[in-house]
Protein chains: 2
Amino acid sequence: MSASRFDSIRDLPLFAQMHQDSFDALTHGAFVQNFPPNMVMISEGEPADFLHIVQDGCVELFSTWNNHETSVTTLYKNSTFILAATIKDRPNLMSARTLQKSRIVMVPSENVRTVFRQDSAFAFAIVDELARCYRATIKNMKNLKLRSSLERLANYVLKQHHRHGDALAFDLPIEKRRLASYLGMTPENLSRAFNNLKPHGVAVSGQRIEILDLAALTAYAKPDRLIDDTTAEQAP
Amino acid sequence: MSASRFDSIRDLPLFAQMHQDSFDALTHGAFVQNFPPNMVMISEGEPADFLHIVQDGCVELFSTWNNHETSVTTLYKNSTFILAATIKDRPNLMSARTLQKSRIVMVPSENVRTVFRQDSAFAFAIVDELARCYRATIKNMKNLKLRSSLERLANYVLKQHHRHGDALAFDLPIEKRRLASYLGMTPENLSRAFNNLKPHGVAVSGQRIEILDLAALTAYAKPDRLIDDTTAEQAP
DNA sequence: CCGCCCGATTGATAATTGTCAAGCCGCACA
DNA sequence: TGTGCGGCTTGACAATTATCAATCGGGCGG
């Protein structure tokens with residue numbers, strides 16, 4: 001049975017509840033592709049021919065305008081992307097590149113649109129996923145518009161702290177220049193921002209972050225569940 | 001028949017395709033409410049008890065953090081809001097206030113979630129709306145991260161130009177201080193930004209905008225369909 | 001083991017954007 | 001027709017952020 005190749009995605013929330021027939025129809029013509037690191041898989045403006053699922057590795061979504069580039073988000077194992085463009089049959093708004101060697105499942109958009117109309121469990125899951133992404137993006141925008149770059153960095157450090165099981169020391173999951181772009185600043189500014197976090201209890205050495213004074217950092221960052229709570233929401 | 005009060009929303013894309021039974025179930029317990037101008041109808045963090053539809057008037061969605069406020073979008077007649085929070089049964093991420101005397105239809109969120117599960121035409125419409133809002137927000141974020149405030153303003157002027165049927169003169173639809181907040185800048189900076197657009201062919205007097213040199217403005221603004229194309233997408 | 005390359009850092013400087021204070025202007029209202 | 005209020009504008013200044021240039025330093029291939 002050809003579907004066995006796609007067992008790994010069958011249990012993702014987006015596909016878990018759909019009928020097996022629908023899943024088979026969905027994955028008919030789908031395939032798995034391996035990409036080397038730093039490869040642009042998708043360019044913004046192109047039609048969204050495939051729904052993508054990260055089976056393994058790491059993908060950055062980014063956008064470009066007038067020779068500027070900005071990182072929008074980073075996706076890890078089991079994330080899907082290009083869902084909105086796929087459903088609306090519209091061009092991608094973002095480009096995608098691998099950050100590491102990655103294995104990506106590619107499902108023809110045509111299948112997604114067809115099965116979406118036939119299997120209501122799938123349709124519900126899509127609603128859930130779109131609502132989640134939408135809310136995550138609103139939070140992201142609030143973060144950008146309401147905070148200074150130093151405040152954004154402080155909250156980013158706190159978020160990573162929680163991601164790592166409340167550990168007081170951890171490694172950054174991405175390169176600093178990409179983090180800078182994600183946070184809406186230049187690499188130079190990020191470097192200085194890390195220095196400016198020192199008085200707020202953060203020590204940095206290479207990729208390693210140490211929180212020396214969690215209370216001070218939290219007092220400065222003023223995290224807010226309506227901005228920073230990413231229960232199962234995307235971010236790098 | 002009680003549904004007659006809701007005739008005006010029956011034809012909106014979100015509700016047009018659903019069965020009449022579903023529509024009746026949806027609007028059972030719904031009501032219309034009139035609000036005076038400048039009234040906060042919804043506060044962020046509160047549960048999303050109702051799906052809101054602007055039947056008449058004008059509503060601003062905004063957010064607050066640490067004594068800062070930012071305008072996220074402005075909605076006019078026939079727009080819906082709080083859909084994502086309603087569907088996910090999660091707290092609102094944004095507050096809402098009327099900018100003018102407004103008439104709002106309020107549909108219990110419980111109804112929305114129930115009918116969404118029963119009427120696939122409604123579910124499809126919700127997917128469409130969520131995908132649209134999501135993409136609009138991504139564009140908004142690209143606008144914020146990739147452009148300077150002057151470039152954002154230039155593109156805003158161009159967008160209004162298209163909204164007004166390519167007219168070279170038109171009135172701003174909202175107060176300047178709200179426009180400033182929407183564009184991510186202070187009112188003072190907006191004032192100066194309008195002055196800085198003069199060399200690019202824009203004249204301002206009060207609410208009135210005149211484009212004296214469309215080619216120059218376009219050359220400066222560099223509009224991009226992946227940021228500025230708002231075919232049926234929300235913005236103030 | 002060495003040298004190279006690329007990203008990170010630092011310094012100097014400039015551009016952008018925000019803050020504070022004051023004055024202006026149009027409009028609503030008495 | 002004053003009068004006052006609120007929003008807009010302007011100016012001076014400060015903070016934030018970007019830019020440009022140079023250096024540092026770690027990892028990798030030869």
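Note that these values count all heavy atoms, side chains included, but never hydrogens, waters or copies made by symmetry. All chains are named by letter (A, B, ...) in the order of the sequence lines, taking the proteins before the strands, and each is independently numbered beginning at 1.
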List, one per line, each side-chain donor-acceptor pair under 3.5 Å for residues 54-66 of chain A, sequence neighbours excluded.
unit_1: A:Q55; atom_1: NE2; unit_2: A:S8; atom_2: OG; d: 2.6
unit_1: A:E60; atom_1: OE1; unit_2: A:R97; atom_2: NH1; d: 2.5
unit_1: A:E60; atom_1: OE1; unit_2: A:R178; atom_2: NH1; d: 3.1
unit_1: A:E60; atom_1: OE2; unit_2: A:S71; atom_2: OG; d: 2.8
unit_1: A:S63; atom_1: OG; unit_2: A:L93; atom_2: O; d: 3.1
unit_1: A:S63; atom_1: OG; unit_2: B:K142; atom_2: NZ; d: 3.4
unit_1: A:W65; atom_1: NE1; unit_2: B:K222; atom_2: O; d: 3.0

Exercise. Residues in salt bridge (Lys or Arg N to Asp or Glu O under 4.0 Å) with B:D224, at least two apart?
Worked result: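 For B:D224 there are no salt bridge (Lys or Arg N to Asp or Glu O under 4.0 Å) partners, ignoring immediate neighbours.
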
Tell me every residue that passes side-chain hydrogen bond (donor to acceptor under 3.5 Å, both in side chains) with [X], counting only those two or more places apart in sequence or in another chain.
X      : value
A:N155 : none
A:T86  : A:S109
B:S43  : none
B:T70  : A:K145

Problem set entry | Flag, side chain of B:T98 to backbone of B:K101, donor-acceptor distance under 3.5 Å |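 Side chain of B:T98 to backbone of B:K101, a donor-acceptor pair under 3.5 Å: no, none is there.
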
Exercise. So B:F50 and B:F31, would you call those rings parallel, tilted or perpendicular, with 30° and 60° as cut-offs?
Worked result: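 Correct class here is perpendicular.
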
For this session: With sequence neighbours excluded, give me every salt bridge (charged side-chain N to carboxylate O under 4.0 Å, His left out) pair touching residues 77-87 of chain A.
Result: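 Listed once each, the pairs would be none.
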
Exercise. Hey, where on DNA chain D does chain B first and last touch, going 5' to 3'? Cut-off is any atom under 4.0 Å from a heavy atom.
Worked result: D:dG7 to D:dA12

Seminar exercise, completed: Readout for nucleotides 4-18 of chain C: B = base within 4.0 Å of protein heavy atom, S = sugar-phosphate only, - = neither; 5' to 3' it is ---SSSBBB----SS

Problem set entry | nucleotides 25-30 of chain C: protein proximity per nucleotide (B base, S sugar-phosphate only, - neither; heavy atom, under 4.0 Å) | ------

Problem set entry | side chain to side chain donor-acceptor pair (under 3.5 Å) evaluation trace for B:E69 with B:S181 | CA-CA 8 Å; B:E69 175 181 318; B:S181 180; 5.7 Å; no

Exercise. Hey, what bend do you get for the helix from C:dC1-D:dG30 to C:dA30-D:dT1 if you fit axes on five pairs at each end, rounded to 10°?
Worked result: 30°

For this session: Validate the cation-pi geometry between B:K176 and B:F194: distance from NZ or CZ to the six-membered ring centre under 6.0 Å, angle to the ring axis within 45°.
Result: yes

Could you list the donor-acceptor pairs under 3.5 angstrom formed between side-chain atoms of residues 197-212 of chain B and any protein atom two or more places apart in sequence or on another chain?
unit_1: B:Q207; atom_1: NE2; unit_2: B:L172; atom_2: O; d: 3.3
unit_1: B:R208; atom_1: NH1; unit_2: B:D171; atom_2: OD1; d: 3.3

